[in-house]
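First up is the structure itself, then whatever we jot down about it.
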Amino acid sequence: MIDIELFRKNPEIFEAEIKKRNMKIDVLADINLDKRRRKLISAVDGLRAKKNENTKNIPKLSGEEKNKAIAEMKKINEELEKLEVELAKVNEKFMARMATYPNISHESTPAGKDENDNVPIFFWGNKPEFDFTPKNHQEIGRNLDILDDDRGAKVSGARFVYLKNEAVFLEFALVQYVLNILYLKGFIPLIPPILVKERAMFGTGFFPAERTQYYKTELDDLYLVGTAEVPLCSYHADEILDVNDLPLKYCGFSTCFRREAGSYGKDMGGMFRVHQFDKIEMFIFSHPENSWRDYEFLRTTLEEIFRGLKIHYRILNMCTADIGSPNAKKYDLEAWLPGQNAYRELASCSNDTDFQSRRLNIKYKDENGKKGLVHTMNSTACAIGRTLIAIYENYQDKEGNVKVPEVLLPYMNGIEYISRK
RNA sequence: GGAGAGAUGGCUGAGCGGUUGAAAGCGCCCGACUCGAAAUCGGGUAGGCGGCCAUAAGCUGCCUCGAGGGUUCGAACCCCUCUCUCUCCGCCA
C-alpha cells in the first residue's frame with residue numbers, strides 16, 4: 001500500500017511511477033475521489049460532533065425541552081445516515097483504488113518494457129564445458145529414476161512430480177546446507193503455516209494483483225501460499241518491533257503452491273515449472289535507514305549459497321516491467337542450465353520498502369519513542385526443485401550420471417554419485 | 001464433532017444505558033530526592049482518520065472496549081449473527 005498522504009501531496013510522484021512501470025492508472029480521478037471522500041468525512045464528523053453535544057445535554061433537560069432535543073436528534077440521525085452510507089461507498093472505492101497502486105521503485109531500478117530490459121550486473125563462474133551434448137534435467141532425472149513426472153501427472157495432473165530415491169536425499173541435504181549457512185548469519189529458522197487467511201495474501205501484496213495465481217480451500221477461507229514470504233512477513237503483523245532487534249532476520253522452509261494460470265504450454269515436462277515445490281526463503285525486517293544495506297546483504301547471502309554449490313550464475317537488476325507491484329527493486333539470480341543452453345531464474349531477491357509493512361501494520365520504535373514503518377525484504381535462499389535441476393544439468397557426466405556437489409556430501413549418507421540402478 | 005467459559009489500553013483487571021477513551025494496579029517515560037541506585041513523591045504514558053498548519057511542533061473534530069448488524073435521543077454495558085481464544089469430552093499425526 002502506498003502512503004496516501006504522499007499521494008495527496010505529491011501525485012506527480014505516482015504519475016511518474018505509473019509511467020515508469022507501463023501501467024495505466026488515472027491518478028487525477030483518484031485525487032478527485034480523495035477530495036470528495038475528505039469532504040464527506042468533514043461533513044460526517046461535523047454532524048457527529050453536534051450529536052455528541054446533544055447527547056451530553058439531554059440528561060440535563062426535562063419536559064418540553066427534552067422532547068424537543070430528542071426530536072432534533074432524530075432529524076440529525078436521518079441526515080447522518082445518508083452521508084454515512086455515501087462515505088462508506090466512496091471510502092471503499094477509494095481504498096480499492098489505492099490497493100492497485102504499485103510501490104515506488106528505487107532510483108536504481110531500470111525502466112523497461114519487458115524482460116529484455118533487465119540488466120545483468122554480476123556474473124560468477126563459467127559455463128561448464130562438456131565433451132558430449134548435455135541432457136536436460138527431465139531426461140537425466142527419469143533415467144536415474146530420481147524424478148517421476150508421469151506418475152505425478154497420473155495422480156495429481158500436469159505440473160506435479162515425484163522426487164524419488166537420491167533426489168529425496170538431495171532435497172534434505174540442500175535444506176541442511178542452506179539452513180546451516182543462514183543460521184550462522186543470524187537468521188531465525190521458521191517452519192511456517194502455509195495455509196493462510198486472506199489478510200496475509202493481501203498484506204504481502206499478492207492480492208489483489210495476482211489473485212488467480214493461488215489456490216483457495218473450498219470449505220474454509222484459507223489460501224495455500226505461493227511462498228513462505230507470506231507467513232514470514234505476516235508473522236509480525238500489528239506489532240511494534242524494538243529498533244535494537246533490527247534488522248530482524250528469518251528464514252522459513254515451506255512447500256509452495258502456484259496455479260501457474262496463464263503459463264499454459266510454458267516449460268512443460270520435468271519440474272522447472274510445477275504447481276508444488278519446496279523452498280527456503282529469507283525475510284528481513286529492517287530499519288528504513290539501513291534498508292538498502294540490508295538488501296545487499298540479502299543478495300550476497302543468496303550468492304554465497306550458489307557459489308558454494310559451484311553453479312555458474314548471473315544476477316539481473318530487474319526492470320520496472322518485471323518487478324512485482326510491491327517491489328521497489330528486485331534482483332533475479334539466473335543459473336546456467338546446460339541442458340537448456342540458457343540462464344534461467346532460480347531465485348529472486350526483492351526490497352518492498354514500506355509497502356507490506358503499511359498494509360500489515362508493522363512498525364518499529366526507537367529510543368526516543370518515535371515510531372515508523374519497517375522496511376521488508378525477501379529473497380529465495382534455495383528453491384529446491386530448480387536448484388536440483390541446476391545440479392543435475394551442471395553435474396552430469398557422459399553416462400548420464402550426476403555427481404553430488406561437494407558441499408552436500410556431509411548430508412548425503414555416503415552417496416557421492418547418482419548413477420543408474 | 002459435542003458441552004461450557006471468555007474476548008476491555010503494553011500487561012493484569014474494574015466497569016451503573018447518559019461528562020468512561022475508559023477506575024485501580026503493574027510496566028514504561030520525565031522530573032524531584034540521591035554521589036549513584038533502590039525505595040518514595042509529583043507528572044506523563046493507545047491507535048487510526050480528518051481540519052488548522054510549513055509534509056515541524058502544537059491545537060482541534062471524529063472513530064475505535066474481538067468483527068458486523070439491531071434496539072435507543074444516547075450502547076463497552078441490552079438483543080442477534082459471525083470470528084477467535086481457553087477448558088472438558090470424542091476423534092486423530
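Source: prediction; values computed, not measured. Note on naming: letters A, B, ... go to the chains in the order of the sequence lines (proteins, then strands), and numbering restarts at 1 for each one.
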Is it the case that the side chains of A:Y417 and A:E166 hold a donor-acceptor pair, with the cut-off being a distance below 3.5 Å and no angle test?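 No, no side-chain donor-acceptor contact under 3.5 Å.
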
Would you say [X] places a side-chain N or O within less than 4.0 Å of OP1 or OP2 belonging to [N]?
{"X": "A:K74", "N": "B:rC73", "result": "yes"}
{"X": "A:K371", "N": "B:rG47", "result": "yes"}
{"X": "A:R38", "N": "B:rG51", "result": "yes"}
{"X": "A:R8", "N": "B:rG50", "result": "yes"}
{"X": "A:R37", "N": "B:rG50", "result": "yes"}

In whole Å, what is the span from the CG atom of A:L360 to the C1' atom of B:rG48?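 Value for this atom pair: 16 Å.
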
Is there a Watson-Crick or G-U wobble partner for B:rG21 with both distances under 3.5 Å, and if so, which one is it?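 Check on B:rG21: unpaired, no WC or wobble geometry under 3.5 Å.
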
Does B:rC86 have a Watson-Crick or wobble partner in any strand here, with both distances under 3.5 angstrom, and which is it?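 Per the H-bond distance test, B:rG4.
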
Passing candidate, salt bridge (Lys or Arg N to Asp or Glu O under 4.0 Å) with A:E260, options A:R273, A:R159, A:K266: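 For A:E260, the salt bridge (Lys or Arg N to Asp or Glu O under 4.0 Å) test succeeds with only one of A:R273, A:R159, A:K266, which is A:R273.
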
Answer with base, sugar-phosphate or nothing: what part of the nucleic acid does A:K39 contact at a heavy-atom distance below 4.0 Å?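 Answer is nothing: A:K39 stays at 4.0 Å or more from every strand.
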
Minimum-distance nucleotide (side-chain atoms of A:D45 versus B:rC62, B:rG18, B:rU55):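 Output: B:rC62.
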
